[in-house]
Amino acid sequence: MPEQSYNVVTLIRKKRDGKTLSESEISWLIRAYTDDKVPDYQMSSFLMACYLNGLNTEEAAYLTRSMLHSGIVVDLSDTEGLKVDKHSTGGVGDKLSLILAPIVASCGVPVPMISGRGLGHTGGTLDKLESIPGFTVDVDLERYKEILKKQNLVLVGQTEEIAPADKRLYALRDVTATVESIPLIAGSIMSKKLAEGIDALVLDVKFGSGAFMKKHEDAAELAKTLVGIGEEFGKQTIAYLTNMEQPLGYAVGNWLEVKESIECLNGEGPEDVMEITHLLAGTMIYLGKRADSVEEGIKMSRIAVEDGSALNKWIDIVEEQGGDINVVKDPASYPEADVIEDVKSERSGYVTEMDAFALGMVSVELGAGRKAKEDNVDPRAGFVLKKKIGDKIEKGETIATLHTNKKEMLDTAKKGIVEAITIRDIEPKPLRRITHRVDMDGIHDYDG
Ligand code: URA
């Protein structure tokens with residue numbers, strides 16, 4: 001039967017007036033747009049109507065399905081076991097993928113991970129991986145499947161075949177002020193994740209100054225929408241709400257974060273990074289049915305670090321994807337940035353607040369990130385914090401060390417660091433790193 005066709009103006013008007021669209025209407029519109037039968041100006045108007053009036057869970061799922069089927073859904077059936085991935089909504093110093101992917105793979109759960117690049121204040125896993133000399137993230141789908149089958153892990157960038165409709169829609173949203181819509185974000189994320197060929201998904205949804213969603217309530221709403229879509233597609237999905245009021249760990253910048261990840265895999269990781277890593281990894285191991293509970297998964301995750309199997313898996317995947325394993329085994333052999341300078345504290349007291357967004361922008365100024373999609377990143381640039389929220393500091397003590405090849409940016413970066421970190425006399429209350437778990441039964445307080 002030929003597919004029903006619609007009048008675009010009628011669909012825009014319907015959404016403008018707050019009405020609900022059917023699956024057939026949404027799927028037709030996305031297909032017509034992808035086939036160049038609907039112009040950008042009409043799609044922009046439709047997106048703005050979605051932004052202003054929202055989409056319900058069913059509509060968000062229809063949108064996801066249409067974007068998902070604009071490309072291929074990878075068939076990973078030649079790799080045994082339930083495939084589980086993790087997605088983070090992005091943060092500053094968020095290097096968790098680099099640590100948990102080899103942990104989970106070494107515990108027997110296949111991890112097909114398709115990641116993105118950094119833009120603005122948040123970093124991207126692909127840029128971090130590419131800071132390892134020779135590491136290639138551009139592989140075709142056959143090689144993607146081959147690496148996964150051999151290593152139980154693959155770490156690559158998005159290919160043209162994955163959700164092409166999202167690529168076009170995202171570019172349009174970017175220039176029409178319609179990015180910040182929870183159902184549109186959820187559809188965009190889930191269409192790409194579902195196309196990877198996964199069986200289950202763990203989501204790290206961040207809130208706070210360094211997160212995409214600053215407000216906790218918005219992050220909670222996004223997590224609920226993402227989980228709802230995942231379940232609608234028959235994929236078990238669990239999300240955690242995690243704090244991004246300060247960078248994760250100490251290192252911010254591509255190679256600096258890889259180096260910190262290697263320390264984590266060597267059992268010397270910062271507490272905040274390891275707590276969230278083990279929780280997300282433990283949940284993935286549980287969803288991959290290699291543990292009977294998340295708690296047991298967390299234990300397995302800790303053991304994989306302690307006995308070196310996660311580090312060995314990391315070395316294997318770096319080698320498999322063409323990377324230089326010598327820098328992984330001996331990070332000190334990696335060439336440093338031309339300029340390395342300390343930033344000193346201008347007063348004594350306790351670190352009480354950090355503007356993680358501003359810190360992310362300092363790393364961009366130093367060369368670690370992009371202001372526009374086509375910019376290159378400098379793998380060696382970034383900074384390493386010496387203090388985190390709650391730490392005591394003396395006047396003149398080092399608060400962060402900058403790494404850059406742009407000497408001319410040093411003064412701006414130093415000023416940026418000093419302004420982004422608040423120091424007061426009174427010790428602050430400890431931050432709650434993980435506040436909630438969201439699953440198919442709803443949102444639950446997380447108390448560890
Ligand atoms: N990340 C995505 O992949 N899509 C969005 O819409 C926002 C963040």
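Ligands are counted one by one from 1 in listed order, and the atoms in each one are counted from 1 as well.
For H121, the ring-ring contact (aromatic ring centres under 6.0 Å, His included) test picks out F357, with sequence neighbours left out. W255 is linked by a ring-ring contact (aromatic ring centres under 6.0 Å, His included) to Y334, counting only residues two or more places apart in sequence or in another chain. Contacts of A304 classified as side-chain contact (heavy atoms from CB on, under 4.5 Å), with partners at least two apart in sequence or in another chain: I103, S106, C107, S309, A310.
For the pair K388 and Y250, the cation sits on the ring face: its NZ or CZ lies under 6.0 Å from the ring centre, inside 45° of the axis.
Within 6.0 Å of CZ in R370 there are more than 12 heavy atoms belonging to other residues, nucleotides or ligands.
Between E80 and K149 there is no salt bridge, since no side-chain nitrogen of the basic residue lies less than 4.0 Å from a carboxylate oxygen of the acidic one.
Ordered by chain and residue number, the residues placing a heavy atom less than 4.0 Å from ligand 1 are Y170, R173, I185, S188, I189, K192, F212.
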